[in-house]
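Okay, structure first, notes after.
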Amino acid sequence: MTLIKIKDFDPDYRSHSDEQDIKGLDLYSNSEKVGYVDDILVDESGKFRYLVVNTGVWFLGKKVLLPIGQARIDYHNNRVYADRLTKEQVEALPEFTEDMAIDYDQEEEVRNVYRPSLSNYGDTGAAYGVGYTGLESAPPTQNTAPTLDLEAGYAGYDRSNYSYDREPQLYGLNDESHPSLKLYEERLIASKTRQKTGEAVISKRVETESAEASVNLEKERVVIERSPVGSEALTSTSAADFQEGEVARIDLYEEVPEFHKEAFVREEVHVNKVVDQETASAQETLRREEIDMEVKNSPARTESV
């Protein structure tokens, strides 16, 4: 399980706890000031797991991890109480550094320091097992402490099957000791963004082809017809008028073809955009937190309003 500083998980985390911040609160063990809360570690789903506490009053500058279930928050007095924390525990705890990547073995080393003090688990009266962020339901309240083996850890748990809800005395939250630590719930948000997926380019091109046109032309020409005449058309020599030169002028016309090209609108093309609609669906498994509370050894009573 990856642990993340709360600021990295949610930069606006203070808005989820009534603008109250655990970071910077003084840390007390009973009535003795130990140091202050330096940071908060959550897992990747947002569940509170550890307070990083600076124990400079006991050990100058030493930062250690305090499981959230071992802390009691008092915003009114700006304090966090770790009533079971001892100087011997802080001395035995591994020091936390800013660049430390915490793995299962390191967490086990931390847990094994706190576990002996939990041999009387259940004597605080706290309602462990509530306030888990991100779970669909809170883990059930345990009646007895798990079997403790200081050398092997808790029997039956190892790297492959350990989960935080196995030890609510270390990681459980409750409204009395952890006010304003909100429960997280996941929800699926459907939204859409507009993005360019392509473009349509409209262009024209010129194509050529051979065309043929024809026109009928008229051309004038002179036709001379000769026809013989009979003897009755004879005339005397003196009466004949023999002449040379131009005797008639006739204008001749002919049609000359003319060809030219002209442009015309063949058809109109209208370009429009249309919007097609489709429904996109997604299916996810959502989680939410619920609170279970079990009251033990409490006599039955009847309340009336």
Side-chain angles (χ1 to χ4, degrees), residues 1-16 41-47 98-99 101 103 133-136 160 182-289:
M1 185 72 72
T2 302
L3 296 175
I4 312 165
K5 290 184 178 180
I6 194 168
K7 188 73 173 179
D8 296 332
F9 178 82
D10 182 4
D12 196 32
Y13 73 95
R14 293 180 71 246
S15 64
H16 303 302
L41 300 184
V42 299
D43 62 25
E44 64 262 27
S45 62
K47 304 182 187 74
E98 295 298 321
D99 57 350
D103 60 15
T133 59
L135 294 179
E136 293 186 0
S160 65
K182 302 299 184 182
L183 304 180
Y184 283 80
E185 180 177 345
E186 294 177 328
R187 60 182 175 182
L188 184 63
I189 303 297
S191 62
K192 57 184 180 181
T193 58
R194 185 180 179 86
Q195 65 180 11
K196 180 179 178 180
T197 57
E199 61 181 359
V201 179
I202 311 301
S203 60
K204 296 191 300 182
R205 69 178 186 275
V206 177
E207 294 186 352
T208 60
E209 62 179 7
S210 297
E212 183 177 339
S214 61
V215 61
N216 294 324
L217 303 177
E218 293 182 351
K219 181 185 296 186
E220 295 178 340
R221 58 189 174 90
V222 176
V223 178
I224 299 177
E225 295 181 354
R226 295 181 179 183
S227 59
V229 296
S231 58
E232 65 274 5
L234 295 176
T235 183
S236 64
T237 305
S238 58
D241 186 11
F242 291 94
Q243 297 180 2
E244 291 184 355
E246 183 179 295
V247 295
R249 181 181 293 270
I250 300 174
D251 293 332
L252 299 177
Y253 292 90
E254 68 178 45
E255 294 176 330
V256 178
E258 294 181 355
F259 296 98
H260 70 276
K261 296 186 292 183
E262 64 178 7
F264 66 98
V265 178
R266 177 167 58 89
E267 61 180 349
E268 291 185 352
V269 177
H270 299 277
V271 179
N272 297 307
K273 293 194 300 183
V274 297
V275 178
D276 295 327
Q277 293 185 341
E278 62 180 15
T279 300
S281 300
Q283 184 173 355
E284 294 285 350
T285 299
L286 303 182
R287 300 175 296 179
R288 68 175 184 275
E289 297 175 338

Please find the pair of heavy atoms, one from N216 and one from E255, that lie closest to each other, and give the distance. O-OE1, 3.5 Å
Measure the spacing between CD1 of I4 and CG of L41 and express it to the nearest 0.5 Å. 9.5 Å
Nearest heavy-atom neighbours spanning F259 and V215: CZ-CG1, 4.4 Å
How long is the gap from CG on D103 to CG on L3, to the nearest 0.5 Å? 10.0 Å
Side-chain donor/acceptor of E220 to backbone N/O of Y253, under 3.5 Å: yes
Do E44 and T2 make a side-chain contact, defined as non-hydrogen atoms from C-beta onward lying under 4.5 Å apart? yes
Using a cut-off of 6.0 Å, state whether more than 12 heavy atoms not belonging to E218 lie near its atom CD. no
Under 3.5 Å, which donor-acceptor pairs do the side chains of residues 202-210 form with other protein atoms, sequence neighbours left out?
unit_1	atom_1	unit_2	atom_2	d
R205	NE	E207	OE2	3.2
R205	NH2	E207	OE2	3.0

